[in-house]
Amino acid sequence: MIEKNYQPADIETRMARLWEEAGAFKAGRPERRDARPFTVVIPPPNVTGSLHMGHALNNTLQDILCRFERMRGRDVLWQPGTDHAGIATQMVVERQLMERQEPGRRDMGRAKFLERVWQWKAESGGVIVNQLKRLGASCDWSRERFTMDEGLSRAVAKVFVELHREGLIYKDKRLVNWDPKLLTAISDLEVQQIEVKGSLWYLRYPLQDKTFNPKDPATFVVVATTRPETMLGDTAVAVNPDDERYTDLIGNHVVLPLVGRKIPIVADEYSDPEKGSGAVKITPAHDFNDFEVGRRHGLPQISVLDQEGCLALVDNEDYLRGLPEGASQLAEELHGVDRFAARKLIVARLEDFGFLERIEPNTHMVPHGDRSGVVIEPYLTDQWYVDAHTMAQPAIAAVRSGATAFVPKNWEKTYFEWMENIQPWCISRQLWWGHQIPAWYGPDGKVFVAETEEEAVGNALGYYVEREVITPEQGDEMARDPDKREGFITRDEDVLDTWFSSALWPFSTLGWPDDETDVQRHYPTDVLVTGFDIIFFWVARMMMMGMHFMKDVPFPTVYIHALVRDEKGAKMSKSKGNVIDPLHLIDDYGADALRFTLAAMAAQGRDIKLASQRVEGYRNFATKLWNACRFAEMNGCALPADFEATQATQTLNRWIAHETGRATREVTEAIEAYRFNDAAASIYRFVWNVYCDWYLELAKPVLMGEEGAAKTETLAMVAWARDEILKLLHPFMPFISEELWAMTAKRDGLLVLTEWPRKAGGMTSDEAVMMATTSPNDGLLPPVLLALDTGDFSDPAAEAEIGWVVDLVTAIRSVRAEMNITPATLTPLVLAGASEETRGRAQRWNDVVRRMARLGDISFADRPPEGAVQLLVRGEVAALPLKGVIDLSAEKTRLDKELAKAEADIKRVDAKLGNEKFVANAPEEIVEEEKEKREAAVARKTKIIEALERLKNAA
RNA sequence: GGGCGCGUAGCUCAGCGGGAGAGCACCUCGUUGACAUCGAGGGGGUCACAGGUUCGAUCCCUGUCGCGCCCA
């Protein structure tokens, strides 16, 4: 017996266990061995993560696709797993050490620290996986992977080594985005430009051959800068070659204030005559643009900061080279001062000596680390890079050719934009948690890259023995004993960017490179579902790696969904405190309601502003369905084994079959087109506004009535349509649908593995043609016959009859409400001048119409009685003789309004039809439609005028 | 500065070259045989603005205004 109230929490845990025990989500189930695979890789959440709205949306959409295709018979592999999230995880564990007042990472040492991270991962790393399960994600959990698994690590090493061998990975000394808090390089993508209110300092740089006089502009050049503290590292002043103010100075030198270094004035396009003074100081070691200018002019690069962003001047040979006596004093004074404190000190000192001309307020973009939040320092270091430009080419071509398509398509533009301007990808990180770079160095700094230490060491020792750096005996000894080679051969300390391993996810999770069986079956995957915020971070890189190593795209379709924002449209973030926790919504309304909400709001190309009220509404929808099933159960509705919905004879039953077919087609086609909101709207409308509001109501008299063929058929049909609903709803609301599936009948299997309803109305013509051309009896059956074979519920006659009932009841209800007739008052109904068809319908639906419209009896007459309210239902008059009950003048007003409307319609249509150009240019069916509209409006008008006449007579 | 997107009912949003829609909110009525987490009925929009294309524009194009995001 179905309880009166639906309790999601209880159902959800039970259904999850049921699926788990049945192995329902497992790929490669024996009975599907020959089925077409359907493969999706999950965007691996950070192992430190906990479920947020973005995950909830992302995984709901993937789950809808997976459950849908599973029901359509595909062998579904939804590959789950988590990402080791280098920086984030390392930070979490370091914080934990601090909280517990344990020794820090550096005191602990690398090996011990990593042990702690793994320990942390074992204890707390699985949180998000359980949260995904609560959401109902039907991943094959038995195949869960982690980016630092042995297998995936082997894939990383292999990829690194091969790309290095091909010259696509290389080491280079250039400016990187340096995070002075986390003490690591980060990639361009991990840098966020934040608008900051700062200043523009105008500094006077004295000309070499003049005596500096702050009051005489001829003795100096003014440069404008946002970063005065880096002036210590200046190696030139640049002016635009076309800037006439400075033409004479090009080639001259200035003397760097405070420092005394002589630096040239160079001509470079980079200097913008419109900005500041038109002259700009060049600090190649601390600014990306200046770095390029420096390269063009062969300028020295003088780094004046250390890793932590403090001035490093003492013993800084680059800085001290060629400086006059006394310069070291300044170096000592400023050494070790933090960059922001240094800024103040240096500005003050410049001012003291008259080098500061003025300060302007200036709002500009300043790079910040997305993890640490501190200002990023361009810093000159050795790092590993991927030649992204080269690797991007096949990845660009794949999208150009359509081998991979973005949905919605406009994201392709974003993809191209970035890929075509891609910069070298800095992949080394000065962290401990991650894939340590498989590179070893000899005593002379020569690098040996190999997948394993044995191989690298072997190569290295061979190399040095051959060059007689060591003897063969020493080599053998070092090969045998790692302790012996310590200090001779050392491994690169750095680890790889987390996204390096994520880029391999679509094939590394399938067993590459160790076992390619699953790669053969599941690569390329079918679709990638992700948010636009990681198109660059992840999608683009998977494309590059996939094209390079698999020689094929990782997925033919990339569905890009929106961002979930708060009610006001702001991005949810912890720091803003506007985060809605999906788990709370699940607690309050159930996972099904949350999933349905997200699906219903996932319109393409628009962000989701989530209000919990919506979730409540869809919880109510679940309750509605629950009660409909309860009603069916109370009436003993059941589906006989041999029941064929297409063979139903009762008009009402044929009608619900027709409507079910329509809903099936709508839902199926919408999911196929990734139009999740349309799919959700269709099933919602069908369940509530068709099945509950009309079908069940219209069926009640039959169900409560006498036994007989009609009742037998209806009992079956209520159950049949309910089952179809449960199937259609399952991808969206898996828990309640599975529960009701189990409760409403003795079933052969779980709903999750039940066959999806076939599209009524036949296949689309494309499908029919495809089937006709690919089926074995090619040419024997015309496509039309194949289409009929799929079962067509389309029934216009049933639609017309039930439509009439619906319209009649609605019209009567409306007028009763307007006339303030209490439900207790039963009014008679007179059908005036009814056709044979209408008479038949009225007789067949007598009970229902009387009950639903609160009528007394229904009779027929040639003309409506005097003083009756007259309604137009599908072109005929239905009269409610309410003389004495109704207000005649109110009724006249009502009819006048309707008359005006009919006349307006006629006028509008006439305007169109009277327009020769319209008739000449508009498609025939549109013109035809307009003509029909006119006829209908004219008929309506006639009836209303008649009604008004009769009203007058009554008065 | 470049790119993308958005301004439709009080709110949140669908839609889209041929008669303006949903959910919520609101108002009226309702304990009729599943459901008050419900039922019935109703009010409410010059589809941001201005041009253009078209027989016809909320929809396509251009511009303006307002808002958001991404990149430099």
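A, B, ... follow the sequence lines: proteins, then strands. Residue 1 opens every chain.
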With heavy atoms under 4.0 Å as the rule, sort A/Met852 into base, sugar-phosphate or nothing. nothing
So A/Thr822, base contact, sugar-phosphate only, or nothing? Heavy-atom distance under 4.0 Å. nothing
Under 4.0 Å, counting only non-hydrogen atoms across every strand here, what does A/Arg675 touch: a base, just sugar-phosphate, or nothing? sugar-phosphate
Please list, pair by pair, any protein nitrogen or oxygen found under 3.5 Å from a nitrogen or oxygen in nucleotides 17-19 of chain B.
from, atom 1, to, atom 2, distance (Å)
B/G18, O2', A/Glu930, OE2, 3.2
B/G19, OP1, A/Lys933, NZ, 3.1

Does the separation of the ring centres of A/Tyr559 and A/Phe676 fall below 6.0 angstrom? yes
Side chain A/Arg722, main chain A/Val718, donor-acceptor under 3.5 Å: no
To the nearest Å, give me how far apart CD (A/Gln193) and P (B/C69) are. 16 Å
Presence of A/Lys413 side-chain N/O under 4.0 Å of B/C70 phosphate oxygens OP1/OP2: no
Name the pairs: protein N/O against N/O of nucleotides 7-9 of chain B, kept only if under 3.5 Å.
from, atom 1, to, atom 2, distance (Å)
B/G7, OP1, A/Arg606, NH1, 3.2

Once you apply a heavy-atom cut-off of 4.0 Å, does A/Glu697 come out as touching a base, just sugar-phosphate, or nothing? base
Length of the line joining A/Ile736:CD1 and B/A34:C1', which is rounded to integer Å: 13 Å
What is the ring orientation for A/Tyr6 with A/Trp626, classed by angle as parallel under 30°, tilted 30 to 60°, or perpendicular over 60°? tilted
Salt bridge (Lys or Arg N to Asp or Glu O under 4.0 Å) partners of residues 679-705 of chain A, not counting sequence neighbours, each pair once: A/Glu666-A/Arg685, A/Glu697-A/Lys700, A/Glu697-A/Arg851
Is A/Cys629 touching bases, backbone alone, or none of the nucleic acid, heavy atoms closer than 4.0 Å? nothing
With sugar-phosphate meaning primed atoms plus P, OP1 and OP2, does A/Ser814 contact a base, only sugar-phosphate, or nothing at under 4.0 Å between heavy atoms? sugar-phosphate
Kindly give the atom pairs (protein nitrogen or oxygen, nucleotide nitrogen or oxygen) under 3.5 Å for nucleotides 31-33 of chain B.
from, atom 1, to, atom 2, distance (Å)
B/U32, O2, A/Arg854, NH1, 2.6

A/Trp411 ring center near A/Phe406 ring center (under 6.0 Å): no
Taking N or O atoms only and anything under 3.5 Å, show me the protein contacts with nucleotides 22-28 of chain B, one pair per line.
from, atom 1, to, atom 2, distance (Å)
B/C24, O2', A/Gln613, OE1, 2.7
B/C24, O2', A/Gln613, NE2, 3.0

Taking the side chain as every heavy atom from C-beta outward, state whether A/Lys624 and A/Cys692 have any pair of such atoms under 4.5 Å apart. yes
Can you tell me how far the OG1 atom of A/Thr597 sits from the CG atom of A/Leu585, to the nearest 0.5 Å? 8.0 Å
Duplex segments of RNA chain B, taken as runs of at least three Watson-Crick or G-U pairs that stay under 3.5 Å: B:1-7 with B:65-71, B:10-13 with B:21-24, B:26-30 with B:38-42, B:48-52 with B:60-64
